[in-house]
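Take a look at the structure set out below.
The sequence lines fix the lettering, A, B, ..., with proteins before strands; numbering per chain opens at 1.
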Protein chains: 2
Amino acid sequence: MAYRKTPAVQDRLAAAKDRLIQCATSVVADVGWANASVTAVAAAAGMSVGSVYQHFPSKGALAVEVFRRASAREVEVLGEVLRDGSGDAAERLACGVRVFARRALQHPGLAYALLAAPAEPALGEARSEFRRRYRAVFTDVVREGVAAGLFPQQDAEVTAAALTGAIGEVLVDPLSAPTGDAADHLVAELMAMSLRCAGAPSATTG
Amino acid sequence: MAYRKTPAVQDRLAAAKDRLIQCATSVVADVGWANASVTAVAAAAGMSVGSVYQHFPSKGALAVEVFRRASAREVEVLGEVLRDGSGDAAERLACGVRVFARRALQHPGLAYALLAAPAEPALGEARSEFRRRYRAVFTDVVREGVAAGLFPQQDAEVTAAALTGAIGEVLVDPLSAPTGDAADHLVAELMAMSLRCAGAPSATTG
DNA sequence: GTCTATAGTCTGATAGAC
DNA sequence: GTCTATCAGACTATAGAC
């Protein structure tokens, strides 16, 4: 008969699974989804291919989990800044964009994998959800700004989607990650563009 | 020894290749890149798998050609409106966005495949080029608007990239293609958002 | 028992014979 | 042009190490 796993065993399993996910994330950030074969991931995690399939039913499921964890972190960080930051809606929006951009520029491989890389088919749905969540957090700030008369009347959902796409596109294009002054310039322009996009008045003044 | 192909043969080959590309485009628009196997494409084109490889050296090459043709059409249409349309930069930008959006909403399957679908690894480069070209046409209008004092000072490249990403994201998300009034609303919001994004003054006024 | 290594099956891309 | 063989990579089954 089947015995319940002891806590110690459960912990060990969970730890191994965690490590597997982390290693897989590194591999993907390094070589992209296309080249992240199960064999390569297993090797990076120091385990056999068979063991990988003890943690995940398929390569796609592992990919989804890798994607979910990485993207959840980003959405969470952004959401905190947008919701709990200080200042009015425009200031929080600008701050959120800066944080998002800086994080992406620091981990370009991961950002590219999350935002734009040709991906496992299984990631289609996960990516959609990721974007929905980004929209949700942006939608809230935009709505707030409109309610406060800070932004003009607009469909907050559309603006939120636009911000999501715009920021992703700007950050991902130069596969060559800009550094130093170039990065600062990019972030500054991105913040200005986001404010204009929402219709913050300062945008047209300067 | 190898004889030069007669013109008649060349024409027949070119026609077959054309049909193959068109059929492949339909298949991709229907089932996405992931399910567009060479077998499926060959079947749709009424030829054998082996024949497909007489026209293209690899599946990736065929995918790139499908992508190139479809995206080139879109970029061209947009470019014409933005360059040769009537009115100032803001008016042409708004008009270009409307045209782009309407076309995408009419062919949602193809739009999704071009803009956002999980794709063949080989398409990574093609997609980058596609986006660079979008940026290029947007960059020109934005520059012109800035020069005319219509838009505020800004990095036109960044705004162009943002417009590319924003429009794509807004159009692609609701995999359920909006129809009738909903589509009109979406297009109108998209145009307003694009003008705000570039900093057109009317945007903050109403 | 759980992990590893390994050798198999299966699917789909690709090459080559016909 | 078609058909068949090969190859790669996802996935599975099994045997042995600890």
* For the pair A:Lys17 and A:Glu65, find out whether any cationic side-chain nitrogen is under 4.0 Å from an anionic carboxylate oxygen. => no

* Whole angstrom is fine here: how far is it from CG in B:Asn35 over to P in C:dT11? => 15 Å

* Asked: C:dT14, C:dG12, D:dC11: which one has an atom nearest the side-chain heavy atoms of B:Ser58?
  -> C:dT14

* Asked: For A:Leu20 and C:dT2, what is the distance between atoms CG and C1' respectively, to the nearest whole Å?
  -> 16 Å

* To do: May I ask you to say whether B:Arg143 pairs ionically with B:Asp155, meaning some side-chain N is under 4.0 Å from a carboxylate O?
  => no

* To do: Identify, residue by residue, the members of residues 40-56 of chain A with a heavy atom below 4.0 Å from DNA chain C, and return them in order of residue number, or none.
  => A:Gly46, A:Met47, A:Ser48, A:Ser51, A:Gln54

* **Gap between atoms CZ and P, on A:Arg19 and C:dC3 respectively (whole Å)** => 11 Å

* **Side-chain H-bond candidate by donor/acceptor type, A:Arg92 with A:Ser86, under 3.5 Å** => no

* Can A:Arg135 and A:Asp140 be counted as an ion pair, charged N to O under 4.0 angstrom? -> no

* Rounded to the Å, how far apart are A:Leu62 CG and D:dG9 P? -> 17 Å

* Just checking, any donor-acceptor pair under 3.5 angstrom between side chains of A:Thr164 and B:Glu169? -> no

* With a cut-off of under 6.0 Å to the ring centre and 45° to the axis, is B:Lys59 in cation-pi contact with B:Tyr53? -> no

